[in-house]
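Order of the sequence lines fixes the chain letters, A, B, ..., with proteins taken first and strands second; residue numbering starts at 1 for each chain.
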Number of protein chains: 2
Amino acid sequence: MPDIKHFDPDATLETVVRLFWRQGVASTGIQDVVTATGLNRSSLYATFGGKQDLYRAALGRYLEQRSQPMFRRLAEDGRGLPAVSEFFGGLIEARCSGEYARWGCMVSNAHAGAENSDPEVRAVLDQHHHELREAMYAALITAETQGQLSSGVDPGTSADLLALLAYGVNLRSRAGADAATLSRTVSAALNSIGVRAAA
Amino acid sequence: MPDIKHFDPDATLETVVRLFWRQGVASTGIQDVVTATGLNRSSLYATFGGKQDLYRAALGRYLEQRSQPMFRRLAEDGRGLPAVSEFFGGLIEARCSGEYARWGCMVSNAHAGAENSDPEVRAVLDQHHHELREAMYAALITAETQGQLSSGVDPGTSADLLALLAYGVNLRSRAGADAATLSRTVSAALNSIGVRAAA
DNA sequence: AGTATCTTGGAATTCTCATTTCAGGATGGC
DNA sequence: GCCATCCTGAAATGAGAATTCCAAGATACT
């Protein structure tokens with residue numbers, strides 16, 4: 001009896017993610033969303049609700065599809081410090097070149113804007129931070145097990161440090177920070193932690 | 001012959017700084033500015049121009065009055081690493097407690113938002129980063145001269161690292177990061193750089 | 001085929017925002 | 001005390017925002 005949806009909500013949400021990711025929620029109008037997705041206002045509202053709901057859904061999708069896979073790879077990689085190094089290498093490359101260059105991280109961007117006044121958004125921010133920190137911690141524990149950490153280095157504190165560093169990379173990349181400089185900086189941090197960190 | 005201004009533009013701008021600093025430019029209306037400053041729309045426009053001009057003026061004032069004094073103190077302090085440690089101590093305290101708690105840094109916030117699409121704003125962002133990095137570098141050169149740096153530590157790369165760390169602190173403080181954790185994290189970074197860093 | 005139900009397109013509605021305008025009031029040199 | 005000049009207040013303007021509504025079209029089960 002019912003009619004079926006004539007579009008793919010998932011593909012639509014991906015388009016919306018890119019809009020909010022690049023421009024932020026405040027400077028993105030529903031009209032922008034309508035234009036970019038090609039579908040109708042009514043369909044948008046019927047499917048996702050209002051603008052804030054749409055933003056929340058987009059932010060959730062970003063976390064699941066973009067952040068968490070990276071975190072998982074980092075946490076489950078058995079190599080220790082090389083995994084951390086690779087994580088930052090991929091991060092810097094994604095932030096400074098290719099399609100998403102200078103877009104920063106959608107979650108980091110949300111930290112700085114008025115988005116974070118929404119409790120649900122704040123919860124996502126906290127979740128993101130917790131997961132990043134825990135993934136980093138897991139990789140450092142692995143590194144410690146394999147004797148890669150310099151003496152006196154605490155994995156917990158180092159996880160906090162590297163997580164904070166990642167936010168710095170995310171933020172500065174939006175202003176066009178140089179990838180080579182960022183890489184050198186991250187390498188220095190890793191060298192200070194480990195007996196020998198890969199590139 | 002002319003009438004004189006009936007208010008203090010400097011005090012007004014300070015009020016405006018706090019509005020934009022806390023809420024960002026997109027979610028702050030001219031009406032908010034009118035209400036907060038108590039002066040009239042016409043006076044606002046006559047004195048500062050439009051909203052974007054007002055934001056630029058506020059951002060400039062923030063840089064001059066809030067950031068640069070800190071940078072100068074850091075660069076001109078002759079103690080080396082203790083100066084760096086004190087810089088971060090003051091930063092964390094300002095970001096996590098008192099009147100401006102959870103406001104982050106107005107410049108860091110501008111990185112993440114749509115503000116940075118304005119070339120003039122971008123220039124301020126670059127200037128801020130350059131000055132922060134150079135101040136950090138100066139302090140580390142001082143530290144090196146006094147033999148405070150561990151062997152193999154490059155002041156330039158370390159300056160980049162600590163600058164990036166400051167951005168991380170600024171960003172995460174907006175989400176309510178714990179001051180004690182931030183302090184521990186920063187201390188660890190300083191310990192990895194110096195032979196002995198003060199609290 | 002019929003029909004209940006959902007989707008769709010686009011106009012309509014209701015706000016809010018930035019900016020301008022203008023008449024009246026205050027100022028200070030003459 | 002006069003007047004050119006600037007300031008002040010409040011309303012007006014006009015663009016653009018989010019959201020809602022409704023008539024028309026499409027669907028799939030009976």
Side-chain angles (χ1 to χ4, degrees), chain A residues 1-60 110 113-121, chain B residues 1-60 110 113-121:
Chain A
M1 307 175 183
D3 195 357
I4 80 166
K5 234 175 257 293
H6 292 182
F7 63 95
D8 179 8
D10 213 52
T12 298
L13 201 51
E14 175 58 27
T15 303
V16 175
V17 164
R18 296 178 193 211
L19 279 177
F20 284 141
W21 181 3
R22 182 160 34 119
Q23 313 174 2
V25 63
S27 17
T28 304
I30 289 293
Q31 182 57 47
D32 296 334
V33 177
V34 169
T35 304
T37 61
L39 52 85
N40 197 273
R41 256 180 198 70
S42 313
S43 309
L44 259 179
Y45 278 91
T47 308
F48 300 104
K51 186 182 178 181
Q52 191 63 20
D53 301 297
L54 192 55
Y55 175 73
R56 284 195 278 248
L59 191 63
E115 291 91 322
N116 94 59
S117 57
D118 180 336
E120 290 193 38
V121 170
Chain B
M1 307 178 179
D3 195 357
I4 77 165
K5 233 175 259 291
H6 292 181
F7 63 94
D8 179 7
D10 212 52
T12 298
L13 201 50
E14 175 58 27
T15 303
V16 175
V17 163
R18 295 178 193 212
L19 279 177
F20 284 141
W21 181 5
R22 181 159 34 117
Q23 312 174 1
V25 63
S27 12
T28 304
I30 289 292
Q31 181 57 48
D32 296 334
V33 177
V34 169
T35 304
T37 61
L39 54 86
N40 197 275
R41 253 179 198 68
S42 312
S43 309
L44 259 181
Y45 278 91
T47 309
F48 300 104
K51 185 182 179 181
Q52 191 62 22
D53 301 297
L54 192 55
Y55 176 73
R56 285 195 276 248
L59 190 64
E115 291 90 323
N116 92 58
S117 57
D118 181 336
E120 289 193 37
V121 170

How would you list, by chain and number, every residue that makes a side-chain contact (heavy atoms from CB on, under 4.5 Å) with A:Ala46, sequence neighbours excluded? none
Would you mind reporting whether B:Leu59 and B:Arg56 have side-chain heavy atoms less than 4.5 Å apart? no
Say whether, by atom type as modelled, one donor and one acceptor occur between the side chain of B:Ser27 and the main chain of B:Gly24 under 3.5 angstrom. no
All pairs passing ring-ring contact (aromatic ring centres under 6.0 Å, His included) where residues 28-56 of chain A contributes a residue, at least two apart: A:Phe20-A:Tyr55
Using a heavy-atom distance cut-off of less than 4.0 Å, which residues of residues 46-60 of chain B contact DNA chain C? B:Gly50, B:Lys51
The salt bridge (charged side-chain N to carboxylate O under 4.0 Å, His left out) partners of B:Arg41 (sequence neighbours excluded) come to none
Considering residues at least two apart in sequence or located in another chain, which fulfil the salt bridge (charged side-chain N to carboxylate O under 4.0 Å, His left out) criterion with A:Arg22? none
Quick one: salt bridge (charged side-chain N to carboxylate O under 4.0 Å, His left out) partners of A:Glu14, sequence neighbours excluded? A:Arg18, A:Arg61, A:Arg66
What I'd like to find out is whether the side chain of B:Val33 reaches to under 4.5 Å of the side chain of B:Thr15, using heavy atoms alone. no
Heavy-atom closest pair (A:Ala110 atom, A:Glu115 atom, distance to 0.1 Å) is O-CB, 4.0 Å
Who passes side-chain contact (heavy atoms from CB on, under 4.5 Å) against B:Asn40, sequence neighbours left out? B:Ser42, B:Ser43
Residues of residues 36-45 of chain A with a heavy atom under 4.0 Å from any atom of DNA chain C, listed by number, are A:Asn40, A:Arg41, A:Ser42, A:Ser43
A:Asp32: which residues meet the salt bridge (charged side-chain N to carboxylate O under 4.0 Å, His left out) condition with it, sequence neighbours left out? none
Sorted by chain and residue number, the side-chain contact (heavy atoms from CB on, under 4.5 Å) partners of B:Asn116 (sequence neighbours excluded) come out as A:Arg174, B:Arg122, B:Leu125
For DNA chain C, which residues of residues 20-35 of chain B approach it to below 4.0 angstrom with any heavy atom? B:Thr28, B:Gly29, B:Ile30
Stem ranges of DNA chain C by first residue number, counting only runs of at least 3 Watson-Crick or G-U pairs under 3.5 Å, come to C:1-30 with D:1-30
